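This chain uses plain numbering: 1 for the first residue, then up along the sequence. When a ligand or atom number is given, it counts from 1 through the structure's own listing order. None of these values were measured; they are calculated from a predicted model. All heavy atoms count here, side chains included; hydrogens, waters and symmetry mates do not.
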Amino acid sequence: MKIHEYQAKEVLAKYGVAVPKNAGVASTPQEVRAAVEALGGRGVIKAQVHSGGRGKAGGIKVANSPEEAEEIAEKMLGMLLKTHQVPEGLTVLKVMIEEPIQIVKEYYLGIVPDRDTQRDVLIVSAKGGMDIEAVAEEDPDAIARLPVDPLEGLSDYKLRQVCYDAKLDPAVISKAMVFLRQLYSCYVASDGSLAEINPLAVTADGRVLAADAKFQIDDSALFRHPEFAAYADVSEEDPLETEASKDEIAYVRLGGDVGIMCNGAGLTMATMDEVKRAGGEPADFLDVGGGAQADRVRKCLGIILSDPNVKGVLINIFGGITRCDEVAKGVIAATEVMDIKVPIVVRLAGTRAEEGAAILAKSHLIPAGTMQDAAAKIVALVNAA
Ligand code: GDP
Ligand code: MN
């Protein structure tokens, strides 16, 4: 689960992370004006959307008076902020208001789980303020990493080494080590799946502060963190994914035009691979789960077809305990009550596959024998559409 910058700073501050003074979040220009007044007449106004790169996209502005703050907020609130991470844009519904700081140096601190080392790895760079992915591409040597042994924890000499390797100014290394310890404690205790302070800012008056913060929480651990429930922001989530999760349907929207519905995550991923191999682009990952009864199939198809990009659907079901003839009847029953304008290819394998195929042959659905055959058929139909 992604959370907003103001929430991430709230969480990190509990672990001692120094952040700029703030006057909270606001959703109207009047509130923004009052917040800047409370800060003494000047403030930074920061769009709260689940994306990085807000600065470049116009989502971070300095106001030199409460009047200017109100004007900035009038433009920023309600705008569609198009960042390089979310090019389609996110609507700004809230902004956070902070004391303006005079930044003289920017560093990067982060933690992510790393599959190669099977450790959480600390990432440090003297090239802060910009996208770490861009730094990794342009100047990989500017990034230093420290995989953390969970039993050993953090040791001072390793922390010092990673800061030194990252070419941090020697004068701030001791302070950066404190931030890394706080960030790591917060990440572990909160079941984080990503934590970033970018930039860690050194100010003209000699302070070191987390000027920006990003934090993501492992969804599978949310059940043991009731304190984060209030942080969920459905306005930022894909409405179809939210809809699917209400019915406990595993659905991920992917942006292509071939709708995919299978049973089992493994079969779904293999089917996506086949669609790709046939030259198509999967519109989604959708696992109907076991059973594939008519009402569930209908719900799943409804979600897939609500995506306006979808030009065709591939249904690939393996009948185990559930027999293929039952699945075929379920799929037909579901499609009969729906107004479907795109082709649907169905491939059934497993128990009573032949009986299932015979039922499908009498319907308007397009049967397929193998996964490759099914993928080729749907991709040809979608690409011709
Ligand atoms: P991001 O673009 O979404 O990563 O948002 P950030 O909060 O990191 O802001 C982007 C950049 O704006 C930072 O790297 C800073 O250079 C600058 N910035 C952010 N907050 C302040 C501030 O309070 N004062 C000043 N002068 N610059 C800021
Ligand atoms: Mn940032």
Side-chain angles (χ1 to χ4, degrees), residues 2-13 17-26 32 35-36 38-66 68-69 72-73 76 79-112 123-136 138 142-143 168 172 176 179 183 194-216 233 236:
K2 290 182 182 178
I3 64 175
H4 290 296
E5 175 194 1
Y6 76 94
Q7 298 162 331
K9 283 179 170 168
E10 206 168 83
V11 178
L12 287 170
V17 172
V19 297
K21 196 166 109 192
N22 78 75
V25 278
V32 175
V36 168
L39 282 177
R42 293 185 67 238
V44 185
I45 299 162
K46 309 184 82 179
Q48 298 299 294
V49 292
H50 287 168
S51 172
R54 296 164 300 161
K56 275 191 191 146
I60 295 181
K61 301 270 186 211
V62 180
N64 291 305
S65 68
E68 194 186 353
I72 291 170
M76 202 183 281
M79 85 182 274
L80 192 65
L81 195 70
K82 295 183 179 175
T83 64
H84 69 282
Q85 283 178 9
V86 188
E88 68 274 22
L90 291 163
T91 304
V92 181
L93 300 174
K94 272 184 286 189
V95 296
M96 118 174 249
I97 304 96
E98 260 183 5
E99 68 164 309
I101 51 172
Q102 212 186 323
I103 302 178
V104 293
K105 193 87 191 69
E106 299 186 312
Y107 297 116
Y108 175 96
L109 307 180
I111 309 178
V112 280
I123 302 166
V124 184
S125 177
K127 290 206 163 173
M130 48 179 145
D131 223 26
I132 197 69
E133 287 82 6
V135 180
E138 290 158 20
I143 298 173
L168 260 50
V172 302
F179 277 86
L183 190 64
L194 179 145
E196 248 181 16
I197 296 176
N198 185 27
L200 177 72
V202 181
T203 66
D205 55 6
R207 292 183 291 163
V208 182
L209 299 168
D212 186 16
K214 198 183 219 182
F215 201 76
Q216 289 177 18
D233 188 346
E236 294 270 325

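- Not a single heavy atom of P20 sits less than 4.0 Å from an atom of ligand 1.
- Put simply, atom 11 (C) of ligand 1 has no protein non-hydrogen atoms near it, under 4.0 Å away.
- Ligand 1 has an N or O atom lying under 3.5 Å from an N or O atom of G55, backbone or side chain.
- Residue contacts with ligand 1: N198 is placed with a nitrogen or oxygen under 3.5 Å of a nitrogen or oxygen of the ligand (distance criterion only).
- Listed by chain and number, N198 O, D212 OD2 are the protein N/O/S atoms closer than 2.8 Å to the Mn ion (ligand 2), with waters left out.
- Side chain to side chain, D233 and H50 fail the donor-acceptor criterion of an N or O pair below 3.5 Å.
- Taking the charged nitrogens against the carboxylate oxygens, K9 and E98 do have a contact shorter than 4.0 Å, which makes a salt bridge.
- Counting heavy atoms under 4.0 Å from ligand 1, residue I101 touches it through both backbone and side chain.
- For the ligand labelled ligand 1, residue K56 lies outside the 4.0 Å heavy-atom shell.
- The closest side-chain heavy-atom distance from D131 to Q85 is below 4.5 Å.
- On a distance-only criterion, E5 and ligand 1 share no N/O pair closer than 3.5 Å.
- For ligand 1, the atoms closer than 4.0 angstrom to any heavy atom of G129 are 14 (O).
- For P100, no nitrogen or oxygen atom sits less than 3.5 Å from a nitrogen or oxygen atom of ligand 1, counting backbone and side chain alike.
- Remark: among candidates V62, V44, L81, the nearest residue to atom 23 (O) of ligand 1 is V44, based on non-hydrogen atoms.
- Legend: residues meeting side-chain hydrogen bond (donor to acceptor under 3.5 Å, both in side chains) with K94, ordered by chain and number and at least two apart, are Y6.
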Step-by-step side chain to side chain contact (heavy atoms under 4.5 Å, CB included) determination, E196 to Y108: CA-CA 8 Å; E196 248 181 16; Y108 175 96; 2.7 Å; yes

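- Heavy-atom proximity to K46, at under 4.0 Å, picks out these atoms of ligand 1: 7 (O), 20 (N).
- Within ligand 1, the atoms closer than 4.0 Å to a non-hydrogen atom of R54 are 1 (P), 2 (O), 3 (O), 5 (O), 6 (P), 7 (O), numbered from 1 in the order shown.
- Contact annotation: the side chain of Y107 approaches that of V202 to within less than 4.5 Å [non-hydrogen atoms, C-beta and beyond].
- Close contacts of ligand 1 with G52, meaning ligand atoms under 4.0 Å from a residue heavy atom, involve 3 (O).
- Here the side chains of V172 and K105 are not in contact, with every heavy-atom distance at 4.5 Å or above.
- No part of E98 comes within 4.0 Å of ligand 1, judged by heavy-atom distances.
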CA sep, side-chain torsions, deciding dist, call: T203, Q102, side chain to side chain contact (heavy atoms under 4.5 Å, CB included): CA-CA 5 Å; T203 66; Q102 212 186 323; 5.6 Å; no

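- Taking CD from E5 and CG from D212, the interatomic distance works out to 4.5 Å, rounded to the nearest 0.5 Å.
- K214 is listed as a side-chain neighbour of L194, based on a closest heavy-atom distance under 4.5 Å.
- Near E106, meaning under 4.0 Å from any of its heavy atoms, are these atoms of ligand 1: 13 (C), 14 (O), 15 (C), 16 (O).
- Compare I60, I197, I103, D131 by their heavy atoms: the one nearest to atom 28 (C) of ligand 1 is in I103.
- Residues V25 and H4 form no side-chain contact, since every pair of their non-hydrogen atoms from C-beta on lies 4.5 Å or further apart.
- If you take CG on D205 and CZ on R207, they are separated by 4.5 Å, rounding to the nearest 0.5 Å.
- Side chains of H84 and K56 form no contact here, defined as non-hydrogen atoms less than 4.5 Å apart.
- Comment: K2 does not engage E236 in a salt bridge, judged by the lack of any side-chain N to carboxylate O separation of less than 4.0 angstrom.
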